[in-house]
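Just below is one structure, and these are the notes that go with it.
These numbers come from the heavy atoms of this one structure, side chains and all, not from hydrogens, waters or symmetry mates. Numbers for residues simply follow the sequence, beginning at 1.
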Amino acid sequence: MITVTPKATETIKSIMKDAKKSDPIRVFFAGYSCSGPAYMMAFDKKKDEDVEVPIDGFKLIYEKELEPELKEAIVDSVDTPDGPGVVVRVKSTGASACSSCAGCH
């Protein structure tokens with residue numbers, strides 16, 4: 001099951017308050033990066049086939065088929081030049097979509 005750090009919980013609650021949102025937050029597959037699969041988050045409505053994870057003050061949702069990939073995922077808080085945010089960290093499977101590039105930026 002997805003783990004949300006205490007700092008990420010507070011960051012998410014703050015983002016929800018600022019955005020005046022109460023919708024669940026969807027964790028979704030966003031493609032591959034150099035280090036493997038990448039996941040992102042967005043406000044969304046729950047669908048019948050979704051897994052729902054209640055967290056302190058909000059709910060995370062994701063497609064049931066992502067459960068094996070997200071079972072050890074950690075949502076953590078990060079500081080960016082644009083302010084605080086959150087990231088979804090998953091254990092890398094070693095798979096990537098990279099072929100030959102100059103490197104990640």
Between CD1 on residue I55 and NZ on residue K13, distance to nearest 0.5 Å: 10.5 Å

Can any side-chain N or O of R26 pair as donor or acceptor with the backbone N or O of L60 at less than 3.5 Å? no

Test: K59 and E52 ion pair at under 4.0 Å: yes

Begin from the C-alpha positions of D76 and V86 and carry the test side chain to side chain contact (heavy atoms under 4.5 Å, CB included) through to its verdict. CA-CA 5 Å; D76 203 1; V86 291; over 6 Å; no

Value for CG (D44) from CD1 (I61), rounded to nearest 0.5 Å, stands at 5.0 Å

L70 and side-chain contact (heavy atoms from CB on, under 4.5 Å): which partner among V90, V75, V53? V90

In this structure, CD1 of I15 is separated from CZ of F58 (nearest 0.5 Å) by 9.5 Å

Side-chain touch V87/M40, heavy atoms, less than 4.5 angstrom: no

From CD1 (I2) to CD (E72), nearest 0.5 Å: 12.0 Å

Just verifying a value: how many Å separate M16 CE and S22 OG, rounded to the nearest 0.5 Å? 6.0 Å

Heavy-atom neighbours of K46 NZ exceed 12 at 6.0 Å: yes

Looking at every non-hydrogen atom in both residues, tell me the closest pair between P68 and K71 and how far apart they are. O-CG, 3.4 Å

Considering only heavy atoms from C-beta outward, does the side chain of E69 approach that of Y39 to under 4.5 Å? yes

NZ/K17: more than 12 non-hydrogen atoms of other groups inside 6.0 Å: no

Nearest-0.5 Å distance that lies between atom OH in Y62 and atom CE in M1: 7.5 Å

Should K45 and D23 count as side-chain neighbours, where that means a heavy-atom distance under 4.5 Å? yes

Taking all heavy atoms of V88 and all of A73, pick out the closest pair and write down the distance. CG1-CB, 4.3 Å

Nearest heavy-atom approach of V51 to K64 is CG2-CA, 3.8 Å

Could you go step by step and tell me if E63 and F28 meet the side chain to side chain contact (heavy atoms under 4.5 Å, CB included) rule? CA-CA 8 Å; E63 293 177 0; F28 62 94; over 6 Å; no

Are the side chain of T11 and the backbone N or O of K7 linked by a donor-acceptor pair below 3.5 Å? yes

Are the side chain of D50 and the backbone N or O of K47 linked by a donor-acceptor pair below 3.5 Å? yes

Neighbour count >12 (heavy atoms, 6.0 Å) for atom CG, D56: no

Looking only at non-hydrogen atoms, find the nearest pair between F43 and A19 and report the distance. CE1-CB, 4.3 Å

State, with a plain yes or no, whether a side-chain heavy atom of I74 is found less than 4.5 Å away from one of T5. yes

Are the side chains of V27 and L66 in touch, meaning some heavy atoms are under 4.5 Å apart? no

